[in-house]
Structures are given as C-alpha cells and as structure tokens.
Novice: 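Okay, here's the structure, questions in a sec.
Reminder, nothing fancy here: chain letters follow the sequence lines and each chain counts from 1.
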Amino acid sequence: MHNPSPRATGPTPGTSQPVDDRGYVALVRAQASVLHLDLDAFFAAVEQRDKPSLRGKPVVVGGVGGRGVVATASYEARQYGVRSAMSTREARSRCPHAAFLGGRFPAYREASAAVMGLLRSVSPLVEPLSLDEAFVDLARADLPDLELTTVTAFAEELRQRVHEVTHGLTASVGLGTSKFIAKVASELDKPDGLTVVPPGTERDLLRPMAVSVIPGVGPATDERLRRAGLRTVADLEAVDLDELVRLVGKAHGSGLWHLARALDDRPVVSEREAKSVSVEGTYETDLTDRRLMEGLLTRQAGEVAARLRKHGLSGRTISIKVRLHDFTTLSRSSTLSSPTDATATIARLARALLADLDTSGGVRLLGVGVSGLADWIQDDLFGESDPGAPADDDLPMIEAPTSRRTTWAPGMDVVHAAMGRGWVWGSGRGVVTVRFETAQTPPGPVRSYPIDDPDLAPWRLPLPEHDA
DNA sequence: TCTGGGGTCCTAGGACCC
DNA sequence: TCTGGGGTCCTAGGACCC
C-alpha cells in the first residue's frame with residue numbers, strides 16, 4: 001500500500017491512530033473527495049441503447065463460441081442468474097431466449113471516451129480502471145468546498161451529464177474518503193444510484209460486510225480466511241498483523257490489515273505506464289499440430305509487435321503462455337539484452353520457447369507477450385560504471401545514419417551506421433540502442449536513448465523500418 | 001466441450017555480484 | 001569444523017481485477 005507517512009521506530013504509544021508493526025500510520029482524508037464511477041452493465045447497455053428492440057430484454061455480451069464466457073449481462077439477463085465470467089454455454093442454458101452478442105468494441109470505446117473526457121473536464125486527476133470505471137479526485141475539481149452537500153450535489157449532476165454525453169447510459173457513483181470506500185459505495189445502489197459515505201462512518205459500514213468486499217480478496221483468499229474463521233470485515237479487524245501476514249503473505253496481509261480499518265491513502269493516479277503488451281487466444285478445439293501452433297504464435301507476435309510500435313514501446317522480455325487441454329497453464333519467458341518491437345525477433349523467440357514444452361496432450365490456448373517495456377527517461381540500463389566504456393565526450397558522432405541492417409543475434413539487429421565508426425543496434429521506434437565500438441575503444445556499454453531527447457541531438461537517428 | 005482476454009501485482013528460488 | 005549476507009535480476013506460477 002502506498003504510504004507516504006513518516007516512519008516511526010515502533011508502535012506509537014498513546015495515539016489513537018492505528019499503527020502497524022513497522023510504525024507506519026496510515027492517513028485518511030477528512031472529506032469524501034474520492035469519487036468512483038461505474039457504468040451499469042456497460043457492454044449490454046450500449047447494445048440496448050443502439051438497438052431499441054433489445055431494450056427491456058435479456059442481453060448477454062461475450063464470447064459466443066463454444067469456449068466463450070460472459071463479459072456483461074444486462075439486468076434482465078441477471079434475473080435468470082447469468083453472471084460475468086460464466087461460460088456462455090451455461091448462460092444459454094439459464095436464459096435461452098437472451099440475445100447473445102459478440103461485442104462491438106469500437107462502440108464501447110467511443111462511449112467510454114465520452115465519459116472519461118467528461119470526467120477529465122471536471123478534474124485533472126482521473127484514473128480509469130477499465131472502459132467502464134474510473135476514480136476521480138474531487139480535491140482537484142473546481143468546487144467551492146468539499147462538504148457533503150456540495151460533493152453530493154456535484155455527483156448527482158455528474159451522473160446526469162454522463163447520461164447526456166452517452167445518449168442514455170446510466171452510471172452508479174460512490175463517494176468516500178478513499179478509493180476503497182468510494183468503490184464499495186458505488187456498489188451499494190446499483191444500477192443508476194449514488195451513495196455517499198460520510199467521513200467517520202466508514203468502519204461501521206464495513207464491519208458487517210463479507211471479507212470479499214476488500215479488493216484483492218478473491219476466491220482463494222476468501223477460502224483461506226474462511227478456514228481461519230474470518231468471514232466479515234469485523235472478524236478481520238480483530239486479527240493482528242502478524243497473524244494476517246502468516247495467513248496470506250506479507251503484502252496481502254498488510255493490505256488487508258489496513259483496509260479492514262478503512263485505512264487507505266492510495267492516491268488517484270491519472271497516468272500509468274503500460275508494463276506489458278500481450279495477445280492470446282483460446283481455440284475452439286485443442287491444437288495438436290506443432291507447425292500450426294508455431295504459425296499462430298507468429299501471427300500473435302505480429303499483433304503484439306504492431307501494438308508496441310503503435311504506442312512507441314519496446315520491451316526486453318518475451319513470454320509465451322500455453323494452456324493445455326486439462327487447463328494447466330504454463331509460461332516461459334526469455335529476456336533480451338536490448339528491447340525490441342520487431343515481429344521477427346518476438347516470433348522467433350516465442351517459437352523457441354514453445355519448443356521446450358510438451359504439448360502432446362493438446363493445447364487450448366496460446367499467447368505471446370512482451371514485458372520489461374523501455375522507460376527511456378529513467379533507465380540507463382547498463383549504468384555508468386562500465387570500465388571499458390568510452391566517456392560520453394568520446395562517443396563517435398553519427399549524423400547520417402543507417403543503411404544496412406543484418407541480424408546478428410536474437411534481439412540484436414545490427415545497423416551499420418553510415419558514418420561507419422560505431423555500431424548502432426536499434427529496436428524501438430522513438431528510441432535508439434547504441435553500443436559504441438571503434439578502432440580506438442573496446443566495446444562500450446549498451447546505451448539507450450530517446451530519439452527526441454534534445455540533449456542527444458547528434459544521435460537523432462531515423463531508425464530503419466522493421467518488419468515491413 | 002465447464003472455465004475469455006488483457007492486464008497488474010506478489011512470491012519464491014536461483015544466479016550473480018560485491 | 002564451518003562454510004556471510006544483501007541486493008538485484010530473471011523465471012515460473014498464481015491470485016486477482018474488470
């Protein structure tokens with residue numbers, strides 16, 4: 001849990017603030033200035049909005065194939081027990097007369113963008129959690145104050161404006177002193193409702209609730225806690241930190257300890273950098289043909305690479321995911337010495353990783369991912385302390401770069417600089433990865449630079465196209 | 001023919017380095 | 001007779017979220 005509070009050496013005697021065993025005191029806002037907004041039955045609602053004949057009827061959006069699952073069920077379908085993540089097969093048996101739709105993501109993205117745009121017009125601090133959910137920090141909104149009456153009226157108006165900009169979708173909203181409380185609150189009056197949790201009432205609200213209201217408590221943790229006799233948040237509150245850590249691990253235990261006391265100082269964060277990009281697919285029938293699997297991995301590698309390039313990213317770790325016929329899920333990964341966004345590199349590695357796996361029983365899912373994405377501002381990957389490295393001032397000037405490119409090793413496509421004095425091997429668009437090696441100097445460290453960094457103007461290298 | 005797809009975060013063990 | 005210890009990186013798997 002994020003916790004900027006000052007550190008003490010041990011529990012602070014005589015304070016009323018709860019303190020964990022390392023002496024951290026968690027702070028909570030004094031006002032209900034965190035807003036959580038959740039669009040109701042989002043995908044299904046968009047379908048009903050766009051197709052009037054579906055209004056008032058059960059609609060199920062999700063995978064329509066033999067191995068599909070439900071993404072969203074309209075409230076009419078929920079009356080028949082259809083739920084998110086249920087197999088479509090089961091949903092069909094529970095509600096055969098529902099409309100089963102595969103989903104129209106461009107339409108969902110458009111509606112989502114309208115809502116997120118509205119939220120951002122209200123506060124610069126908006127944190128989307130998915131297409132249909134976001135936190136908004138009202139402490140950064142243009143409000144006269146953060147009194148309950150003020151934020152309540154504001155939230156009601158916001159819900160009305162969501163209805164307008166989406167041409168008829170409804171949203172449920174929660175307001176509270178933290179992300180956790182706001183999120184719990186938005187669940188309490190669904191659909192099309194607003195719940196405000198007044199500061200100071202959080203713990204009374206939580207105590208009777210099941211432990212599963214706490215984000216991060218899924219089926220596995222729920223079961224562990226249940227076996228320890230912990231069913232409600234009140235039960236959790238009565239257990240000390242050591243015991244929780246013993247039960248569910250360090251990070252999780254500490255999180256539970258704090259959240260059970262409504263201690264949550266996680267900030268609303270508007271810009272989060274992607275950490276990985278992946279593509280996977282489940283096939284209607286299990287795959288047994290290795291050549292076919294290699295072909296599918298190659299195609300997925302191309303999709304991943306295209307998405308990396310589209311966002312100006314590249315990454316060093318290539319992973320594959322393989323789900324066997326019996327649902328056993330395997331992953332294998334390999335890390336390159338420099339980042340790539342090249343289809344050929346990702347595909348080659350993905351196929352090599354598959355080669356080590358026994359897939360003779362059949363494969364239901366294949367996937368390819370890239371992680372370890374380059375963060376070029378902070379990342380000086382290979383440090384300054386490389387002894388054989390030429391000093392920056394000695395680095396050769398490369399001004400009119402790059403003509404020929406040859407594959408040297410996986411992940412390293414060597415580009416011969418036109419000036420001829422150094423090696424440049426590059427991968428990411430918008431980034432150049434350079435290793436300097438001249439007649440006068442031994443191979444230097446690998447360095448990566450953003451192409452647009454003005455301080456590196458001499459290195460402004462138009463990279464060759466990859467995988468044309 | 002039970003069990004999607006795209007993510008995030010955590011844990012644990014081993015390698016490696018100082 | 002005793003064989004450190006901490007930090008970081010990498011890999012594999014698992015839980016969880018929407």
Novice: Tell me which nucleotide among B:dG7, B:dT3, C:dC18 gets nearest to the side chain of A:E133.
Specialist: C:dC18

Novice: Any side-chain N or O of A:S278 less than 4.0 Å from the OP1 or OP2 oxygen of B:dG7?
Specialist: yes

Novice: Quick one: closest heavy-atom pair of A:F105 and A:L131, and the distance?
Specialist: CD2-CD1, 4.3 Å

Novice: Using a cut-off of strictly less than 4.0 Å, decide whether A:T329 has a side-chain nitrogen or oxygen near OP1 or OP2 of C:dG14.
Specialist: no

Novice: Please give, in whole Å, the distance from C:dC16 C1' to A:E223 CD?
Specialist: 16 Å

Novice: Any base atoms under 4.0 Å from A:A274, or only sugar-phosphate, or nothing? Heavy atoms, all strands.
Specialist: sugar-phosphate

Novice: Checking all strands, does A:L330 fall into the base, sugar-phosphate, or nothing category for heavy-atom contacts under 4.0 angstrom?
Specialist: sugar-phosphate

Novice: When you compare C:dC16 with B:dT3, how far apart are their C1' atoms, in angstrom units rounded to a whole number?
Specialist: 16 Å

Novice: If you only use heavy atoms from C-beta on, which nucleotide in C:dC10, B:dT3, C:dA15 is closest to the side chain of A:R316?
Specialist: C:dC10

Novice: Closer than 4.0 Å, any side-chain N/O of A:R323 to the OP1 or OP2 of B:dT3?
Specialist: no

Novice: Specify the separation, in whole Å, of atom CZ of A:R94 and atom C1' of B:dC2.
Specialist: 12 Å

Novice: Looking for any heavy atom pair under 4.0 Å, which part of the strands does A:D132 touch: base, sugar-phosphate only, or nothing?
Specialist: sugar-phosphate

Novice: Indicate whether OP1 or OP2 belonging to B:dG5 is found under 4.0 Å from a side-chain N or O atom of A:T282.
Specialist: yes

Novice: Let me know the distance between CZ of A:R266 and P of B:dT8, rounded to the nearest Å.
Specialist: 16 Å

Novice: Measure from the side chain of A:R272, starting at C-beta and using heavy atoms only, and say which of B:dC9, C:dC10, C:dG13 lies closest.
Specialist: B:dC9

Novice: Which word best sums up how the rings of A:Y108 and A:F43 line up, parallel for under 30°, tilted for 30 to 60°, or perpendicular for over 60°?
Specialist: parallel

Novice: Could you pick out which residue, A:S334 or A:R224, lies toward the 5' side of DNA chain C when each is mapped onto its nearest nucleotide?
Specialist: A:S334

Novice: Counting heavy atoms from C-beta on, name the nucleotide in B:dG4, B:dT3, B:dT8 closest to the side chain of A:K275.
Specialist: B:dT8

Novice: Answer whether the closest heavy-atom distance between the side chains of A:L256 and A:L225 falls below 4.5 Å.
Specialist: yes

Novice: Is the closest basic N to carboxylate O distance between A:D137 and A:R29 below 4.0 Å?
Specialist: yes

Novice: So what does A:S319 hit on the nucleic acid, given a heavy-atom distance under 4.0 Å: a base, only sugar-phosphate, or nothing?
Specialist: nothing

Novice: Hey, does A:V279 reach any base, or is it just sugar-phosphate, or nothing, if we go heavy atoms under 4.0 Å?
Specialist: sugar-phosphate

Novice: If you count heavy atoms of other groups shown closer than 6.0 angstrom to CZ of A:R290, is the number above 12?
Specialist: yes

Novice: Describe the nucleic acid contact of A:G281 in one word from base, sugar-phosphate, nothing, applying a heavy-atom distance below 4.0 Å.
Specialist: sugar-phosphate

Novice: Once you apply the 3.5 Å cut-off to both distances, tell me the Watson-Crick or G-U wobble partner of B:dC18, or none.
Specialist: C:dG5

Novice: Over how many whole Å does the gap from A:H311 atom NE2 to B:dG6 atom P extend?
Specialist: 13 Å

Novice: To the nearest Å, how far apart are A:E284 CD and B:dC2 C1'?
Specialist: 14 Å

Novice: Checking side-chain contact (heavy atoms from CB on, under 4.5 Å) against A:L138, which of A:V34, A:L158, A:L175 comes through?
Specialist: A:L175

Novice: Determine, for A:D286 against A:R67, whether the closest basic-nitrogen to carboxylate-oxygen distance falls under 4.0 angstrom.
Specialist: yes

Novice: May I ask you to evaluate whether A:R307 reaches the phosphate of B:dG7, defined as a side-chain N or O under 4.0 Å from OP1 or OP2?
Specialist: yes

Novice: Looking only at side-chain atoms of A:A85, point me to the closest of B:dG4, B:dG6, C:dC16.
Specialist: B:dG4

Novice: Please tell me which of the listed nucleotides, B:dG4, C:dA12, B:dG7, lies nearest to the side chain of A:V69?
Specialist: B:dG4

Novice: B:dG4, C:dT11, C:dG13: which one has an atom nearest the side-chain heavy atoms of A:S331?
Specialist: C:dG13

Novice: Under 4.0 Å: is that the gap between some side-chain N or O of A:S276 and OP1 or OP2 of B:dT8?
Specialist: yes

Novice: Let me know the distance between CG of A:L336 and C1' of C:dC10, rounded to the nearest Å.
Specialist: 13 Å

Novice: Which distance, rounded to the nearest 0.5 Å, do you find between the NZ of A:K275 and the OG of A:S371?
Specialist: 11.5 Å

Novice: Distance from A:H163 atom NE2 to A:L169 atom CG, nearest 0.5 Å?
Specialist: 7.5 Å

Novice: To the nearest 0.5 angstrom, please state how far the NE2 atom of A:H258 sits from the CD1 atom of A:I214.
Specialist: 12.5 Å

Novice: Output the single nucleotide from C:dA15, C:dA12, B:dG4 whose closest atom is nearest the side chain of A:R332.
Specialist: C:dA12

Novice: Does any residue of residues 167-183 of chain A have a heavy atom under 4.0 Å from DNA chain B, and if so, which ones, in number order?
Specialist: none

Novice: So if I take every side-chain heavy atom of A:A251 and compare against B:dG4, B:dT11, C:dT11, which nucleotide ends up nearest?
Specialist: B:dT11

Novice: What is the separation between atom CG on A:L129 and atom P on B:dG6, rounded to the nearest whole Å?
Specialist: 19 Å

Novice: Would you kindly give the CZ-to-C1' distance between A:R364 and B:dT3, to the nearest whole Å?
Specialist: 6 Å

Novice: Heavy atoms under 4.0 Å, any strand shown: does A:T221 hit a base, just sugar-phosphate, or nothing?
Specialist: sugar-phosphate

Novice: Hey, which sits more toward the 5' end of DNA chain B by its nearest nucleotide, A:L365 or A:H252?
Specialist: A:L365

Novice: Check A:R364, A:R299, A:K321 against A:E280 for a salt bridge (charged side-chain N to carboxylate O under 4.0 Å, His left out) and give me the one that passes.
Specialist: A:K321

Novice: The side chain of A:A220 lies closest to which of these nucleotides: C:dC16, C:dC10, B:dC9?
Specialist: C:dC16

Novice: Please confirm whether any donor atom in the side chain of A:R89 sits under 3.5 Å from an acceptor in the base of B:dT3, or the reverse.
Specialist: no

Novice: Pick the P atom in B:dG14 and in C:dG4, then give their distance to the nearest Å.
Specialist: 15 Å

Novice: Report the residue (A:G66 or A:E280) whose heavy-atom-nearest nucleotide on DNA chain B is the more 5′ of the two.
Specialist: A:G66

